[in-house]
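Heads up, the thing below is written out as structure tokens.
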Amino acid sequence: MTATPLSPPHFQGIVHQFVWNYQNGSFQMTYETFGQGEPILLLPAFSTVSSRTEMAKIAQDLASDYQVTLLDWLGFGDSERPNLDYQPSLYQQLLTDFVTSCFDQSIIVIASGHASGYALRLAQTHPHLIQQIALIAPTWRGPLRVMGVNQKLRKSLKNLVRMPLIGQFLYYLNTTPSFLRFMYRRHVYVDQTKLTPDFITHKRQITQHQGARFAPVAFVTGEIDPFNNRSETLSLVASLSQPILIIIAEQAPPSSKAEMEAIAYGSPSANAQLPNVTAIRVSGTLGVYEEFAEEVSHAIRNFRQNS
């Protein structure tokens with residue numbers, strides 16, 4: 001595994017390639033570094049439009065005091081998008097290898113959405129690598145699982161989308177500008193005036209890379225969910241000793257918000273936090289890390305100062 005810089009700098013960061021060796025293959029992932037100082041790793045949420053650019057504003061803000069590393073997951077963003085059977089074990093190994101290869105001291109991890117579960121698991125298996133964790137609108141169930149679609153049907157759909165012709169057509173239907181705008185209006189952005197044609201065009205460009213459908217369909221169908229159930233999630237959080245910040249998005253869909261509150265308090269109705277857990281609420285929904293980046297950065301800075 002190697003990490004080598006690319007050029008030129010991109011939105012104030014320096015772009016690099018990380019070569020990951022996995023199961024007799026080598027895969028290239030893109031990451032970006034900002035600033036100098038104590039290391040922070042930013043992990044974007046999984047989604048059809050997942051990209052490190054979604055967290056660029058947070059990275060730029062924190063870079064005045066920290067060295068911030070911003071990763072594109074394998075199968076997403078500008079990273080390679082191979083035709084692999086994406087599973088939690090793949091991403092957990094990837095994250096472990098990336099952190100152990102690219103950092104020579106313990107780090108602060110800021111993860112959003114599904115990435116939160118992988119960050120928590122890393123803190124459990126390699127506690128010396130992680131000193132603090134911030135989770136932004138954490139989730140652990142893929143969209144179809146949230147909708148109640150049974151596992152057999154979800155697996156069938158995943159296999160269908162992986163097929164050469166019909167799969168490409170189904171993926172196309174889910175990445176048209178009108179569908180992306182619908183999804184953003186429904187549960188990603190609060191302020192619909194921000195969903196300009198240029199914004200949607202940029203998001204659609206992220207979905208058009210070669211091999212783009214393989215990892216997103218694994219996310220949508222729940223194949224890369226980091227946990228099997230809520231109790232598994234809560235048990236892991238309770239087992240950790242590192243300080244944890246949980247940022248709850250106030251306008252998130254009810255089912256997603258209930259999970260955020262459960263992670264923060266032990267259950268949606270509880271009002272007590274674990275000693276090492278700090279929970280705050282900010283305006284926004286599932287895309288809060290991008291739409292309200294300034295508020296999220298402020299919460300993270302306060303957390304760092306008070307923990």
Min side-chain heavy-atom separation Asn83-Arg162 under 4.5 Å: yes
From Arg154 atom CZ to Asn159 atom CG, the distance as rounded to the nearest 0.5 Å: 12.5 Å
Check ion pair Arg141-Asp225 (N to O, under 4.0 angstrom): no
Pairwise side-chain contact, Arg121 with Leu236, heavy-atom cut-off 4.5 Å (strictly under): yes
Ser241 side, atom OG; Gln124 side, atom CD - distance, nearest 0.5 Å: 11.0 Å
Ring pair (Phe, Tyr, Trp, His ring centres under 6.0 Å) partners of Tyr118, counting only residues at least two apart: Phe46
Nearest-0.5 Å distance, CZ of residue Phe76 to CD of residue Glu54: 10.5 Å
Cation-pi, Phe292 ring and Lys194 (6.0 angstrom, 45 degrees): yes
Atom pair OG (Ser79) and CG (Leu94), whose distance is rounded to the nearest 0.5 Å: 8.5 Å
Distance, nearest 0.5 Å, that separates CD1 of Ile110 from CG of Leu43: 9.0 Å
For Tyr22, ring pair (Phe, Tyr, Trp, His ring centres under 6.0 Å) partners two or more places apart: Trp20
Spacing of Ser297 atom OG and Met55 atom CE [to the nearest 0.5 Å]: 8.5 Å
Near-ring test Phe34/Tyr66, centroid separation under 6.0 angstrom: no
Residue pair Val161 / Phe214, side-chain heavy-atom distance below 4.5 Å: no
Arg301 and Asp61: CA distance, side-chain angles, deciding distance, salt bridge (charged side-chain N to carboxylate O under 4.0 Å, His left out) verdict: CA-CA 10 Å; Arg301 286 184 178 278; Asp61 180 71; 3.3 Å; yes
Pair Glu294 + Lys57, salt bridge at N-O below 4.0 Å: no
Same apolar cluster: Leu286 and Ile200, side chain cutoff 4.5 Å: no
Residue pair Lys158 / Glu223, side-chain heavy-atom distance below 4.5 Å: yes
Reference residue His114; test ring pair (Phe, Tyr, Trp, His ring centres under 6.0 Å); the match among Phe219, Trp140, Phe227: Phe219
